[in-house]
Enquirer: 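Next up is a structure, given as C-alpha coordinates.
Order of listing sets the numbers, starting from 1, for every ligand and every atom in it.
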Amino acid sequence: MIKANNPSLTSWVEVPEGSDFPIQNLPFGVFKTPGLRPRLCTAIGNFVADLQVLSEHGFFDDLKIDKAVFAQPFLNDFIACGKEKTSAVRNRLSEVLDSDLDDWDASELAAYFLHPMDEVEMLMPIKVGDYTDFYSSREHATNVGTMFRGKENALMPNWLHLPVGYHGRASSIVVSGTPIHRPNGQQIPQDAKAPVFGPSKLMDFELEMAFVVGKETQIGSSVNITEAEDHIFGMMLFNDWSARDIQKWEYVPLGPFLGKSFASTVSPWIVTIDALEPFRVSGPVQDPTPLPYLQIDGDRSFDIQLQVDLQAEGQPATPICRSNFKYLYWNIAQQLTHHTVNGCNIKIGDMMASGTISGPTPDSYGSMLELTWRGSKPIQLPDGSERKFINDGDTIIVKGWCEKDGVRIGFGEATGKVGSEQ
Ligand code: CA
(Lines give C-alpha, C1' and ligand atoms only; values in the text may rest on other atoms or scores of the structure.)
Protein backbone atom coordinates (compact mmCIF):
# COMPACT_ATOMS: atom_id res chain seq x y z
CA MET A 1 0.00 0.00 0.00
CA ILE A 2 1.12 3.55 -0.68
CA LYS A 3 2.17 4.94 2.69
CA ALA A 4 -0.02 8.05 2.55
CA ASN A 5 -3.11 5.95 1.69
CA ASN A 6 -3.12 4.02 4.99
CA PRO A 7 -6.74 4.29 6.19
CA SER A 8 -5.70 4.22 9.84
CA LEU A 9 -3.65 7.43 9.59
CA THR A 10 -4.93 10.54 11.36
CA SER A 11 -3.55 14.06 11.35
CA TRP A 12 -2.72 16.42 14.19
CA VAL A 13 -4.55 19.02 12.10
CA GLU A 14 -8.27 18.82 12.79
CA VAL A 15 -10.17 17.31 9.86
CA PRO A 16 -13.93 17.88 10.13
CA GLU A 17 -16.28 14.99 9.41
CA GLY A 18 -17.07 14.79 5.70
CA SER A 19 -14.05 16.93 4.73
CA ASP A 20 -12.64 16.45 1.23
CA PHE A 21 -9.14 16.67 2.65
CA PRO A 22 -8.19 14.03 5.22
CA ILE A 23 -4.55 12.94 5.47
CA GLN A 24 -5.24 10.17 2.91
CA ASN A 25 -5.84 12.74 0.14
CA LEU A 26 -3.03 15.36 0.08
CA PRO A 27 -3.81 16.87 -3.34
CA PHE A 28 -1.62 19.56 -4.90
CA GLY A 29 -2.56 23.15 -5.67
CA VAL A 30 -1.24 26.72 -5.83
CA PHE A 31 -2.25 29.56 -3.50
CA LYS A 32 -1.38 33.11 -2.59
CA THR A 33 -2.28 35.54 0.18
CA PRO A 34 -2.03 39.34 0.28
CA GLY A 35 1.41 38.87 1.87
CA LEU A 36 2.67 35.76 0.07
CA ARG A 37 3.48 35.28 -3.58
CA PRO A 38 1.99 32.24 -5.35
CA ARG A 39 3.46 28.93 -4.23
CA LEU A 40 2.62 25.22 -4.06
CA CYS A 41 0.43 23.77 -1.35
CA THR A 42 -1.51 20.75 -0.22
CA ALA A 43 -4.82 20.65 1.64
CA ILE A 44 -5.52 19.20 5.10
CA GLY A 45 -8.92 19.68 6.71
CA ASN A 46 -9.82 23.36 6.39
CA PHE A 47 -6.18 24.43 5.92
CA VAL A 48 -3.67 24.73 3.11
CA ALA A 49 -0.10 23.70 3.88
CA ASP A 50 2.62 25.85 2.28
CA LEU A 51 5.12 23.56 0.53
CA GLN A 52 7.59 26.38 -0.09
CA VAL A 53 7.98 26.96 3.65
CA LEU A 54 8.30 23.23 4.31
CA SER A 55 11.00 22.95 1.64
CA GLU A 56 12.86 25.96 3.06
CA HIS A 57 12.89 24.26 6.44
CA GLY A 58 14.48 21.15 4.95
CA PHE A 59 11.55 18.80 5.05
CA PHE A 60 12.18 17.57 1.49
CA ASP A 61 16.00 17.84 1.47
CA ASP A 62 16.68 14.10 1.18
CA LEU A 63 14.29 13.83 -1.78
CA LYS A 64 16.74 15.82 -3.95
CA ILE A 65 14.22 18.22 -5.45
CA ASP A 66 15.17 21.73 -6.52
CA LYS A 67 13.57 23.99 -3.86
CA ALA A 68 12.66 26.48 -6.59
CA VAL A 69 9.85 24.22 -7.85
CA PHE A 70 7.86 24.84 -4.65
CA ALA A 71 7.98 28.62 -5.15
CA GLN A 72 6.36 28.59 -8.61
CA PRO A 73 2.95 29.96 -9.60
CA PHE A 74 2.16 26.66 -11.39
CA LEU A 75 2.63 22.96 -10.61
CA ASN A 76 4.24 22.18 -13.98
CA ASP A 77 7.89 22.22 -12.81
CA PHE A 78 7.03 20.13 -9.74
CA ILE A 79 5.21 17.58 -11.91
CA ALA A 80 8.21 17.52 -14.26
CA CYS A 81 10.31 16.12 -11.39
CA GLY A 82 8.62 12.78 -12.09
CA LYS A 83 6.18 10.56 -10.28
CA GLU A 84 8.83 8.96 -8.08
CA LYS A 85 9.60 12.35 -6.54
CA THR A 86 6.11 13.79 -6.43
CA SER A 87 4.87 10.57 -4.79
CA ALA A 88 7.71 10.84 -2.27
CA VAL A 89 6.66 14.40 -1.44
CA ARG A 90 3.09 13.25 -0.84
CA ASN A 91 4.32 10.45 1.44
CA ARG A 92 6.56 12.93 3.28
CA LEU A 93 3.61 15.30 3.77
CA SER A 94 1.70 12.40 5.25
CA GLU A 95 4.55 11.93 7.78
CA VAL A 96 4.68 15.65 8.58
CA LEU A 97 0.92 15.81 9.17
CA ASP A 98 0.62 12.42 10.93
CA SER A 99 -0.62 12.64 14.50
CA ASP A 100 2.08 10.12 15.46
CA LEU A 101 4.85 12.61 14.74
CA ASP A 102 8.18 11.38 15.94
CA ASP A 103 11.17 12.64 13.97
CA TRP A 104 9.46 15.82 12.91
CA ASP A 105 8.76 18.86 14.95
CA ALA A 106 6.20 20.12 12.47
CA SER A 107 3.62 21.15 15.03
CA GLU A 108 5.91 24.02 16.04
CA LEU A 109 6.04 25.04 12.40
CA ALA A 110 2.26 24.93 11.99
CA ALA A 111 1.91 28.66 12.46
CA TYR A 112 4.29 29.20 9.54
CA PHE A 113 3.05 26.68 7.04
CA LEU A 114 -0.69 26.29 7.69
CA HIS A 115 -3.23 28.88 6.52
CA PRO A 116 -7.00 28.68 6.97
CA MET A 117 -8.46 27.93 3.52
CA ASP A 118 -10.88 30.84 3.73
CA GLU A 119 -7.96 33.27 4.10
CA VAL A 120 -6.10 32.26 0.94
CA GLU A 121 -6.77 32.62 -2.76
CA MET A 122 -6.51 29.40 -4.72
CA LEU A 123 -5.05 29.92 -8.20
CA MET A 124 -5.16 28.10 -11.52
CA PRO A 125 -2.74 25.28 -10.58
CA ILE A 126 -1.52 24.30 -14.04
CA LYS A 127 -0.18 26.22 -16.99
CA VAL A 128 -2.22 24.30 -19.53
CA GLY A 129 -0.44 23.60 -22.81
CA ASP A 130 -3.03 21.80 -24.87
CA TYR A 131 -6.55 20.85 -23.93
CA THR A 132 -8.40 17.89 -25.39
CA ASP A 133 -12.03 17.05 -24.69
CA PHE A 134 -13.19 13.47 -25.08
CA TYR A 135 -16.76 12.26 -25.51
CA SER A 136 -16.48 9.06 -23.51
CA SER A 137 -19.86 8.60 -21.82
CA ARG A 138 -22.02 6.18 -23.76
CA GLU A 139 -25.11 7.51 -21.99
CA HIS A 140 -24.28 11.12 -22.91
CA ALA A 141 -23.42 10.30 -26.51
CA THR A 142 -26.62 8.24 -26.80
CA ASN A 143 -28.78 10.98 -25.26
CA VAL A 144 -27.37 13.72 -27.49
CA GLY A 145 -27.40 11.45 -30.55
CA THR A 146 -31.04 10.55 -29.89
CA MET A 147 -32.01 14.23 -29.64
CA PHE A 148 -30.27 15.25 -32.86
CA ARG A 149 -30.38 12.13 -35.05
CA GLY A 150 -33.04 9.88 -33.54
CA LYS A 151 -32.69 6.72 -31.50
CA GLU A 152 -31.72 4.49 -34.44
CA ASN A 153 -28.59 6.46 -35.27
CA ALA A 154 -27.77 7.76 -31.79
CA LEU A 155 -24.22 6.37 -31.62
CA MET A 156 -22.01 6.98 -34.65
CA PRO A 157 -20.41 3.81 -36.11
CA ASN A 158 -16.95 4.71 -34.75
CA TRP A 159 -18.07 5.39 -31.17
CA LEU A 160 -17.70 1.88 -29.72
CA HIS A 161 -14.30 1.45 -31.39
CA LEU A 162 -12.37 4.52 -30.28
CA PRO A 163 -12.52 7.28 -27.64
CA VAL A 164 -13.89 10.15 -29.74
CA GLY A 165 -12.37 13.55 -28.89
CA TYR A 166 -11.54 16.98 -30.24
CA HIS A 167 -8.86 19.58 -29.59
CA GLY A 168 -10.23 22.35 -27.37
CA ARG A 169 -9.05 25.75 -26.24
CA ALA A 170 -6.57 25.98 -23.32
CA SER A 171 -6.45 29.77 -22.91
CA SER A 172 -9.94 30.03 -21.42
CA ILE A 173 -9.64 27.30 -18.76
CA VAL A 174 -10.14 29.13 -15.46
CA VAL A 175 -10.01 28.17 -11.79
CA SER A 176 -13.10 27.68 -9.63
CA GLY A 177 -14.68 30.95 -8.54
CA THR A 178 -13.87 32.86 -11.74
CA PRO A 179 -17.02 34.62 -13.08
CA ILE A 180 -18.28 33.22 -16.39
CA HIS A 181 -19.38 35.67 -19.06
CA ARG A 182 -22.37 34.65 -21.18
CA PRO A 183 -20.93 34.39 -24.70
CA ASN A 184 -22.15 36.28 -27.75
CA GLY A 185 -22.38 34.61 -31.09
CA GLN A 186 -24.42 33.58 -34.10
CA GLN A 187 -27.57 31.57 -33.59
CA ILE A 188 -30.26 30.46 -35.96
CA PRO A 189 -33.80 30.92 -34.66
CA GLN A 190 -36.26 28.08 -35.24
CA ASP A 191 -37.39 28.00 -38.89
CA ALA A 192 -35.32 31.12 -39.76
CA LYS A 193 -33.30 31.27 -42.97
CA ALA A 194 -30.52 33.52 -41.64
CA PRO A 195 -28.67 33.71 -38.33
CA VAL A 196 -28.94 36.45 -35.73
CA PHE A 197 -26.22 37.73 -33.40
CA GLY A 198 -26.45 38.13 -29.64
CA PRO A 199 -25.93 36.58 -26.22
CA SER A 200 -26.44 32.82 -26.02
CA LYS A 201 -29.90 31.92 -24.75
CA LEU A 202 -29.07 28.27 -24.18
CA MET A 203 -26.18 28.38 -21.71
CA ASP A 204 -25.27 24.97 -20.31
CA PHE A 205 -22.73 23.20 -18.12
CA GLU A 206 -21.06 19.84 -18.79
CA LEU A 207 -20.14 17.68 -15.80
CA GLU A 208 -16.69 16.34 -16.58
CA MET A 209 -13.41 15.37 -14.99
CA ALA A 210 -9.99 16.09 -16.45
CA PHE A 211 -6.59 14.49 -16.05
CA VAL A 212 -3.28 16.30 -16.19
CA VAL A 213 -0.37 14.89 -18.19
CA GLY A 214 2.66 14.28 -15.96
CA LYS A 215 5.20 12.81 -18.38
CA GLU A 216 5.88 13.95 -21.89
CA THR A 217 6.45 11.99 -25.08
CA GLN A 218 8.36 12.77 -28.25
CA ILE A 219 6.66 13.45 -31.54
CA GLY A 220 6.41 10.25 -33.57
CA SER A 221 6.21 7.98 -30.52
CA SER A 222 3.10 6.54 -28.92
CA VAL A 223 2.28 5.33 -25.41
CA ASN A 224 1.56 1.65 -24.81
CA ILE A 225 -1.65 1.16 -22.88
CA THR A 226 0.17 -0.67 -20.09
CA GLU A 227 2.22 2.49 -19.46
CA ALA A 228 -0.51 5.07 -20.04
CA GLU A 229 -1.16 5.84 -16.36
CA ASP A 230 2.56 6.57 -15.83
CA HIS A 231 1.91 9.64 -17.98
CA ILE A 232 -0.97 10.89 -15.82
CA PHE A 233 -0.25 13.01 -12.74
CA GLY A 234 -3.74 13.37 -11.32
CA MET A 235 -7.32 14.42 -11.80
CA MET A 236 -9.58 17.40 -11.22
CA LEU A 237 -13.21 18.44 -11.62
CA PHE A 238 -14.03 20.11 -14.92
CA ASN A 239 -17.06 22.06 -16.16
CA ASP A 240 -17.00 22.43 -19.92
CA TRP A 241 -19.41 25.39 -20.26
CA SER A 242 -21.37 25.15 -23.50
CA ALA A 243 -23.58 27.55 -25.45
CA ARG A 244 -25.98 25.15 -27.14
CA ASP A 245 -27.46 27.62 -29.63
CA ILE A 246 -24.04 28.82 -30.82
CA GLN A 247 -22.81 25.22 -30.91
CA LYS A 248 -25.78 23.96 -32.92
CA TRP A 249 -25.33 26.52 -35.72
CA GLU A 250 -21.54 26.28 -36.04
CA TYR A 251 -20.53 22.67 -35.38
CA VAL A 252 -21.49 21.09 -38.70
CA PRO A 253 -19.31 19.89 -40.42
CA LEU A 254 -16.23 20.35 -38.23
CA GLY A 255 -17.28 20.17 -34.58
CA PRO A 256 -17.28 22.51 -31.59
CA PHE A 257 -15.71 25.97 -31.79
CA LEU A 258 -17.03 29.19 -30.19
CA GLY A 259 -19.91 27.37 -28.51
CA LYS A 260 -17.31 25.77 -26.21
CA SER A 261 -14.15 27.88 -26.26
CA PHE A 262 -15.36 30.85 -24.16
CA ALA A 263 -14.69 29.15 -20.79
CA SER A 264 -14.10 25.93 -18.88
CA THR A 265 -13.87 25.82 -15.07
CA VAL A 266 -11.54 23.51 -13.12
CA SER A 267 -11.25 22.77 -9.41
CA PRO A 268 -8.08 24.19 -7.79
CA TRP A 269 -6.87 20.82 -6.46
CA ILE A 270 -5.25 17.98 -8.39
CA VAL A 271 -5.89 14.65 -6.67
CA THR A 272 -3.04 12.30 -7.58
CA ILE A 273 -3.49 8.87 -9.15
CA ASP A 274 -1.72 7.59 -6.00
CA ALA A 275 -4.52 8.95 -3.81
CA LEU A 276 -7.13 7.41 -6.11
CA GLU A 277 -5.62 3.89 -5.99
CA PRO A 278 -7.97 2.56 -3.25
CA PHE A 279 -10.98 3.61 -5.31
CA ARG A 280 -10.22 1.69 -8.51
CA VAL A 281 -13.07 -0.15 -10.18
CA SER A 282 -13.62 -1.75 -13.57
CA GLY A 283 -15.49 0.33 -16.10
CA PRO A 284 -18.44 -0.84 -18.22
CA VAL A 285 -17.96 -4.03 -20.25
CA GLN A 286 -16.67 -3.06 -23.69
CA ASP A 287 -18.49 -4.86 -26.47
CA PRO A 288 -17.25 -5.10 -29.19
CA THR A 289 -13.76 -5.76 -27.85
CA PRO A 290 -11.56 -2.79 -28.79
CA LEU A 291 -8.58 -3.19 -31.11
CA PRO A 292 -5.50 -4.64 -29.35
CA TYR A 293 -3.80 -1.26 -28.74
CA LEU A 294 -6.82 -0.21 -26.62
CA GLN A 295 -7.22 -3.45 -24.64
CA ILE A 296 -6.73 -3.08 -20.90
CA ASP A 297 -5.87 -5.29 -17.95
CA GLY A 298 -7.20 -4.74 -14.45
CA ASP A 299 -9.32 -1.95 -13.01
CA ARG A 300 -8.76 1.23 -14.99
CA SER A 301 -11.66 3.33 -13.78
CA PHE A 302 -12.37 4.99 -10.43
CA ASP A 303 -15.44 5.15 -8.21
CA ILE A 304 -15.82 8.94 -7.96
CA GLN A 305 -19.22 10.25 -6.94
CA LEU A 306 -20.15 13.47 -8.71
CA GLN A 307 -22.76 16.08 -7.98
CA VAL A 308 -23.85 19.30 -9.66
CA ASP A 309 -25.69 22.00 -7.72
CA LEU A 310 -27.47 25.01 -9.18
CA GLN A 311 -27.64 28.06 -6.94
CA ALA A 312 -29.95 30.85 -8.10
CA GLU A 313 -29.13 34.39 -6.93
CA GLY A 314 -29.96 34.68 -3.21
CA GLN A 315 -31.18 31.07 -2.99
CA PRO A 316 -29.70 27.92 -1.44
CA ALA A 317 -27.84 25.51 -3.73
CA THR A 318 -30.00 22.69 -5.11
CA PRO A 319 -28.57 19.39 -6.38
CA ILE A 320 -29.68 18.89 -10.00
CA CYS A 321 -27.44 15.96 -11.00
CA ARG A 322 -25.78 12.98 -9.29
CA SER A 323 -23.45 10.90 -11.41
CA ASN A 324 -20.26 8.83 -11.13
CA PHE A 325 -16.96 8.80 -13.01
CA LYS A 326 -17.15 4.99 -13.24
CA TYR A 327 -19.97 5.22 -15.80
CA LEU A 328 -17.51 6.35 -18.48
CA TYR A 329 -17.19 3.77 -21.26
CA TRP A 330 -13.63 4.74 -22.21
CA ASN A 331 -11.09 5.09 -19.36
CA ILE A 332 -8.18 7.50 -18.99
CA ALA A 333 -5.57 4.92 -20.04
CA GLN A 334 -7.45 4.30 -23.28
CA GLN A 335 -7.95 8.02 -23.87
CA LEU A 336 -4.26 8.83 -23.47
CA THR A 337 -3.11 5.83 -25.52
CA HIS A 338 -5.50 6.67 -28.33
CA HIS A 339 -4.39 10.32 -28.22
CA THR A 340 -0.76 9.32 -28.91
CA VAL A 341 -1.31 6.37 -31.25
CA ASN A 342 -0.73 8.51 -34.34
CA GLY A 343 2.53 9.89 -32.94
CA CYS A 344 1.09 13.08 -31.49
CA ASN A 345 3.34 14.16 -28.61
CA ILE A 346 1.96 15.14 -25.21
CA LYS A 347 3.47 17.60 -22.77
CA ILE A 348 3.46 18.12 -19.02
CA GLY A 349 0.45 20.24 -18.10
CA ASP A 350 -1.68 19.13 -21.02
CA MET A 351 -5.25 18.68 -19.85
CA MET A 352 -7.58 15.98 -21.15
CA ALA A 353 -11.22 16.11 -20.14
CA SER A 354 -13.53 13.12 -20.05
CA GLY A 355 -16.54 14.49 -21.86
CA THR A 356 -19.88 14.88 -20.11
CA ILE A 357 -20.32 12.13 -17.51
CA SER A 358 -23.94 11.03 -17.71
CA GLY A 359 -25.21 7.97 -15.88
CA PRO A 360 -28.05 5.59 -16.71
CA THR A 361 -30.89 7.44 -14.93
CA PRO A 362 -32.38 10.84 -15.81
CA ASP A 363 -31.17 12.38 -12.51
CA SER A 364 -27.59 11.42 -13.44
CA TYR A 365 -27.46 13.27 -16.74
CA GLY A 366 -24.47 15.64 -16.79
CA SER A 367 -25.84 18.66 -18.66
CA MET A 368 -28.97 20.84 -18.75
CA LEU A 369 -29.45 19.72 -22.37
CA GLU A 370 -30.07 16.18 -21.14
CA LEU A 371 -31.60 16.93 -17.71
CA THR A 372 -34.32 19.07 -19.32
CA TRP A 373 -34.30 17.05 -22.57
CA ARG A 374 -33.61 20.09 -24.77
CA GLY A 375 -35.76 22.30 -22.57
CA SER A 376 -38.88 20.13 -22.81
CA LYS A 377 -38.76 19.08 -19.10
CA PRO A 378 -37.71 22.12 -17.08
CA ILE A 379 -36.00 21.67 -13.70
CA GLN A 380 -38.11 22.94 -10.78
CA LEU A 381 -36.19 24.93 -8.16
CA PRO A 382 -37.26 25.30 -4.49
CA ASP A 383 -38.08 29.00 -4.96
CA GLY A 384 -40.77 28.00 -7.48
CA SER A 385 -38.83 29.09 -10.55
CA GLU A 386 -37.81 26.70 -13.29
CA ARG A 387 -34.81 26.30 -15.55
CA LYS A 388 -34.44 24.96 -19.07
CA PHE A 389 -30.90 26.30 -19.32
CA ILE A 390 -28.71 28.53 -17.09
CA ASN A 391 -29.87 32.06 -16.22
CA ASP A 392 -27.67 35.05 -15.44
CA GLY A 393 -26.98 35.08 -11.71
CA ASP A 394 -27.01 31.27 -11.49
CA THR A 395 -23.98 29.56 -9.97
CA ILE A 396 -23.09 26.02 -11.03
CA ILE A 397 -21.16 24.03 -8.43
CA VAL A 398 -19.48 20.75 -9.39
CA LYS A 399 -18.33 18.46 -6.56
CA GLY A 400 -16.69 15.03 -6.48
CA TRP A 401 -15.53 12.57 -3.86
CA CYS A 402 -14.56 8.93 -3.28
CA GLU A 403 -15.65 6.95 -0.24
CA LYS A 404 -14.59 3.47 0.88
CA ASP A 405 -13.74 1.68 4.12
CA GLY A 406 -14.33 4.76 6.23
CA VAL A 407 -12.04 6.99 4.13
CA ARG A 408 -13.51 9.84 2.11
CA ILE A 409 -11.35 11.97 -0.18
CA GLY A 410 -12.71 14.80 -2.29
CA PHE A 411 -11.80 17.12 -5.12
CA GLY A 412 -13.12 20.40 -3.69
CA GLU A 413 -15.34 22.33 -6.08
CA ALA A 414 -15.42 23.70 -9.61
CA THR A 415 -17.75 26.68 -9.26
CA GLY A 416 -18.73 29.42 -11.67
CA LYS A 417 -21.39 32.12 -11.69
CA VAL A 418 -22.85 33.12 -15.03
CA GLY A 419 -23.46 36.79 -15.84
CA SER A 420 -23.72 39.20 -18.72
CA GLU A 421 -21.97 42.25 -17.23
CA GLN A 422 -18.55 43.05 -18.68
CA1 CA B 1 -17.42 18.59 -23.30
Enquirer: Quick check: of its N, O or S atoms, which one does Asp240 have closest to the Ca ion (ligand 1)?
Expert: OD2
Enquirer: Could you please compute the angle at the Ca ion (ligand 1) from OE1 of Glu206 to OE2 of Glu208, rounded to 10°?
Expert: 90°
Enquirer: With Glu208, which of Leu328, Asp240, Leu237 fulfils side-chain contact (heavy atoms from CB on, under 4.5 Å)?
Expert: Asp240
Enquirer: Just do the side-chain hydrogen bond (donor to acceptor under 3.5 Å, both in side chains) check on Asn331 and Gln334 with the steps written out, would you?
Expert: CA-CA 5 Å; Asn331 58 58; Gln334 291 172 321; 3.2 Å; yes
Enquirer: Assess Arg138 against Tyr327: is NZ or CZ under 6.0 Å from the centre of the six-membered ring, and within 45 degrees of the ring's axis?
Expert: no
Enquirer: Closest to the Ca ion (ligand 1), which N/O/S atom of Asp133 is it?
Expert: OD2
Enquirer: Counting the benzene-type ring for Trp, do Phe262 and His181 have ring centres under 6.0 Å apart?
Expert: no
